[in-house]
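Have a look at the structure below before the remarks.
Order of the sequence lines fixes the chain letters, A, B, ..., with proteins taken first and strands second; residue numbering starts at 1 for each chain.
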Amino acid sequence: MKFAVVVFPGSNCDHDAYYAAKHVLGQDAEFVWHKDSSLGGADVVILPGGFAHGDYLRTGAIARFSPVMRAVKAFAESGGPVLGICNGFQVLLEAGLLPGAMLRNRSVKFQCEHVHIRVEQTDTPFTAACRPGQVLRIPIAHGEGNYYAEPDVIERLEKNRQVVFRYVTAAGAVKPEANPNGSASNIAGLCNERRNVVGLMPHPERACELAVGSADGLVLFESVLKAVTQGAFLGAEASPKATVTAR
Amino acid sequence: MRARVFVTLKPSVFDPQGTTVSDALHTLGYANVKDVRQGKYFELEIDAPTADEARKVAAEAADKLLANPVIESYRIEVEEAR
Amino acid sequence: MRARVFVTLKPSVFDPQGTTVSDALHTLGYANVKDVRQGKYFELEIDAPTADEARKVAAEAADKLLANPVIESYRIEVEEAR
Amino acid sequence: MTIDDTVLDRHGVTREEYQRILEMLGREPSLTELGIFSVMWSEHCSYKSSRVHLKTLPTTGTRVLQGPGENAGAVDIGDGLAAVFKIESHNHPSFIEPYQGAATGVGGIIRDIFTMGARPIALLNSLRFGPLEDPLVRRTFEGVVAGIAGYGNSIGIPTVGGEIGFDESYTGNPLVNVFCLGIARADEIIKGVASGTGNAVYYVGAKTGRDGIHGATMASAEFDEKTEEKRPAVQVGDPFMEKLLLEACLDVIKSDALIGIQDMGAAGLTCSTCEMGSRGGAGIEIDVSLVPQRETGMTPYEIMLSESQERMLLVVKQGRESEVERIFEKWDLHAVRIGQVTTGGRMKVRNRGDLVADIPTTALTDEAPVYRRPMEKPAYLAEAQKLSLAALGAPSSPSEVFARLLATPEIASKRWVYRQYDHMVRTNTLVFPGMGAGVVRVKGTGRALALSVDCNARFVYLDPRAGAQLAVAEASRNVACAGGLPIGATNCLNFANPQRPEIMWQFGQAVEGMGAACRALDLPITGGNVSLYNETDGRGILPTPVLGVVGLIEDATKVVRRVFQSDGDVVILLGENHNELGGSEYLKVMHGLIRGLPPALDLAREAALQRVLVEGAAKGLIRSAHDCAEGGLAVTLAECCFDTDLGAETDVAAVPAEGSFGDIATLFGESASRVVVSVAANRTAELIALASAAGVPATPIGRVGGDRIRMSIAGRRVIDEPLRDAERIWSTAIDRHFEPKRAIA
Ligand SMILES: Nc1ncnc2c1ncn2[C@@H]1O[C@H](COP(=O)(O)OP(=O)(O)O)[C@@H](O)[C@H]1O
Ligand SMILES: [Mg+2]
């Protein structure tokens, strides 16, 4: 299976995502430069963390205009699994592939620390190998992870079961004190209606080996491996190859 | 021509930065500052024949890039070159 | 009373954000946007009897907190409550 | 403009120095030339006061691949790889504008590392501030931390450790020292040289503005109320630009198309051109009108002296120019050819063809003035070294002292700070900040590197020679605690005005002590930085020679952390307690004193201790290790419990001490060369045997377990606190200063 890791100018977790896919999971992985218009036949696309275009103006605001985003959109529309991590999540929001927007953390400070998130949905390509309600210990590292959407949008997200990850206590309870950044309904990650595009603020790629503090994030990578090899949870048409090239 | 674009969070959106500023002002003793909202401010130097033309360019820039309609709204002022 | 405070980088100070926004606008085809400077914008709701009084509070807030005098300057506008 | 005394003063050039300029040129300099001389001969660039002393430091060793003189030092870490590292100060700019000053300090040291062809993988910082009770200090503190975070986080290099100290003397002179380490292939290290007549000189990166003009001279002048006028346009960092430069430069260096490369740091274009020329024994000729400019109407003087950030100078091999240009284009950077390498060893600057400066490169570098400034033992010393405990009255109870010390920002958890630093990006960080020396693995090898920066400035103040030795010992002991064999060091020497003989004496003594300690510990110094004139209105900082040490861990799976690991493990004290309270945090916090003599240090014993630590870690004997530093044994034991659910019960022998201070000295004295380790009960004998073979005292002092921190002295219980209560004090002491005080609605 092949991962495409998109590199925007200013991406800085691109190597980490690549390393997790290639060296921990043992799959194929390739970097795709943001000016490329093709995803090179990948089965999964990762928009990694970092500070695309310095995060100047707004996180993800400029990156959404990169040529590669047309290919990512087309890939997503054909049901391909797309994962946005941290900055990648912010890009997905700005690009309209996921609903809502990010505000500054409630603390107004950058926060880097391990948090607990609960897997709310297991019928997405990135949670297919999780147990329902599984609590993962995964780091966050962001200054703008305070997820916001209008109340009716949040309601719709809940109704459609699009909230995929929520910040919780170590015991798995949704509590205000478990919410590191003030995000609405403790939302840490969500998916689109079709469920093949997932974005989350925590960094699963930083939690793939015990040596670096936690291996809980690996399950997201294992999930997509399972989903792609079994052709599950990829939207309507099963397992499209990322051969879609933008015009 | 210079266009000024003011981008502010919509009233319904919580403003962590404004709240922090307001808390800090209270700590400094400014109890009469009831509320603070923080936004962004852009000065665009635009090569346009008329103020209307400049405003149009600024509005497009704001729609596409400077403001995020999910959380923000904007206002534009145009000033003829001095 | 509402005071608006516009904080801008002093002209000699490098503005990487403005430069990046301007580059992005060029990429989007807005070649006629010659220059972009990004600043901050605050709206302060102030409980003050007169506009002058509100301006004074806003100026103090700007001096102490909203603007960094080493690299920024600011401008204030006061608007009577609507 | 004619060059008169006022002009010379404004440039910080003395009459004697001006005479030398006249002799070297054989004519009067132009104003541009004077500007060039003034920045290159400034303390910051020329090391004119410090050079004679620095020459005495040990800089060689079997692992040293690059000693001082290049942009950074390098040591061999096996597998054909090199660790490239250095520390730099950005003290003065951080005082003027904390956020940008600290941010650009991070940017500067990162450039020094990737300029060598190394990919930066870790940052640390050593900070000093005034007391946090002062609102202006808090603002500086907040700004500096946010600036370090703002730059390091966005460029994607983890900040894995550091240290922070507080003292009144830093109120008007905060210290911001940043350490960066990168990894390069040993045979791909590239240098800052220009050679090969006709090779093109390229400029790449941010455009040049008027920022920081005279930054280098300013970094070499003290502050006073007139500094306001001397304020240059503050340099603003652009981490996004630097990220592009970093990636592009590493690509270009890999392409093997370069002769040399150097960043434009202090003294900007001037420094990079003449240093590259001088190192390569070549001349260099550039035309400033070709330099990309951000502002209009800039003069050659301004362009040459600008300290705009994120700029690099490259010398490209003939015929490879378009290849280099293409690599930069990929990253949206435009490399601009601004000149070429010439014969004759002169730096020639033109403006649209007109010659505006023509100076032998060596006049600006190797032949810059060197001073052997007068030194004199300071008057304060004799008095400050006297300590009479009896005069202090009866001491407070151990548990009260314990609580006070845990709450002092110097000792308290620095989580408030490092939580703002991305310390995990690149997924190499094995030991996070707050868990001891920072440890990063080197992917593709089984190895890891332990990194620590340390200095106890109170000790240096009380005895600069001994204090500097203690700083070396502490930094290398910290990496040894993690299991790292100390293999290289860098230093950042922060002192006040060297023109005062007593400051120069402090400096000379500290360098001597540092050299002696490094020799004894077999620790070469491969580079560093000197920051002088750290004083405001005649009030100097405590002398603060910060040491950064790199330790090599052969087996990354054998890393040791600060905290206890398992219930029932045996707690062992390596080293001995002495009756030493001089310069302690206890005296500072409880009595407001910096007095007495710093703890004695036996370098041979220290070396033996560190060998035991490294070997004990490699054998998997040591399960946790924490060095006894500020706050002594009591604080160290508590810190071994914090961030775990494990308390401990310990008993130590009393040290004989003056009057009623026995318990205080036992618990809070800061004797050197002591480490608290924990060992599985069934391997205790093995560790003790290892230690005694090395001549290191190893005393079992208790057990890990329970939910209290309990300490006894020879059977008498002196401290007995619930772990969670003690931890709360320690973990919230800094946060408390920054909680918003919400107004009553
Ligand atoms: N400025 C800082 N940046 C990052 N980490 C820091 C900083 N200051 C302190 N720390 C972390 O907090 C811990 C305690 O620091 P310190 O008291 O100097 O410890 P030590 O006794 O090991 O020298 C260390 O792990 C250190 O890395
Ligand atoms: Mg220390």
Side-chain angles (χ1 to χ4, degrees), chain B residues 1-11 15 17-50 53-67 72-79 81, chain C residues 1-11 15 17-50 53-67 72-79 81:
Chain B
M1 211 99 42
R2 172 174 295 177
R4 300 175 204 282
V5 182
F6 308 92
V7 177
T8 47
L9 286 171
K10 291 177 181 170
D15 174 10
Q17 289 175 289
T19 308
T20 305
V21 170
S22 149
D23 286 347
L25 285 173
H26 293 166
T27 307
L28 291 176
Y30 295 95
N32 51 349
V33 177
K34 291 302 162 202
D35 187 37
V36 179
R37 303 281 292 174
Q38 180 167 344
K40 290 181 195 133
Y41 169 58
F42 301 89
E43 287 178 356
L44 274 56
E45 218 54 69
I46 301 173
D47 206 358
T50 66
E53 191 57 36
R55 178 181 300 275
K56 211 182 118 242
V57 171
E60 278 184 40
D63 283 333
K64 280 205 188 149
L65 190 66
L66 303 181
E72 294 167 328
S73 51
Y74 65 86
R75 191 164 55 79
I76 295 177
E77 283 172 11
V78 177
E79 176 190 302
Chain C
M1 212 95 48
R2 171 172 297 177
R4 301 175 203 280
V5 183
F6 309 90
V7 178
T8 47
L9 285 171
K10 291 182 183 167
D15 175 12
Q17 307 221 39
T19 308
T20 305
V21 170
S22 147
D23 289 348
L25 286 173
H26 292 165
T27 310
L28 291 178
Y30 295 96
N32 50 348
V33 177
K34 292 298 162 208
D35 187 38
V36 179
R37 303 278 291 173
Q38 181 168 343
K40 288 181 207 132
Y41 169 59
F42 298 89
E43 288 178 355
L44 275 59
E45 218 54 67
I46 302 173
D47 205 357
T50 65
E53 191 56 37
R55 177 181 300 276
K56 210 182 119 239
V57 171
E60 281 184 39
D63 284 333
K64 286 197 187 157
L65 202 63
L66 307 182
E72 294 169 329
S73 49
Y74 64 84
R75 193 161 55 81
I76 296 177
E77 282 173 10
V78 177
E79 174 192 305

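For the set C:V33, C:V21, C:V7, the entry with the most heavy-atom pairs within less than 4.5 Å of chain B is C:V33. In terms of non-hydrogen atom pairs under 4.5 Å with chain B, the most contact-rich of C:L66, C:V5, C:V36 is C:V36.
For B:L65, the part sitting under 4.5 Å from any heavy atom of chain C is the side chain, from C-beta outward, and nothing else. Within the 4.5 angstrom heavy-atom criterion, atoms from both the backbone and the side chain of B:F42 approach chain C. Proximity to chain B is limited to the side chain of C:T8, based on heavy atoms less than 4.5 angstrom apart. Residue B:A48: no heavy atom, backbone or side chain, is found under 4.5 Å from chain C.
A donor-acceptor contact shorter than 3.5 Å is absent between the side chain of B:D35 and the backbone of C:L44. In terms of modelled atom types and a separation under 3.5 Å, the side chain of B:S22 and the main chain of B:G18 share no donor-acceptor contact. Listed for the C:R55 side chain is a donor-acceptor partner under 3.5 Å among the backbone atoms of C:I76.
Using a cut-off of 4.0 Å between Lys/Arg side-chain N and Asp/Glu carboxylate O, B:E43 and C:R37 are scored as not salt-bridged.
Contact check for B:I46 versus C:K34: no side-chain heavy atoms found under the 4.5 Å cut-off.
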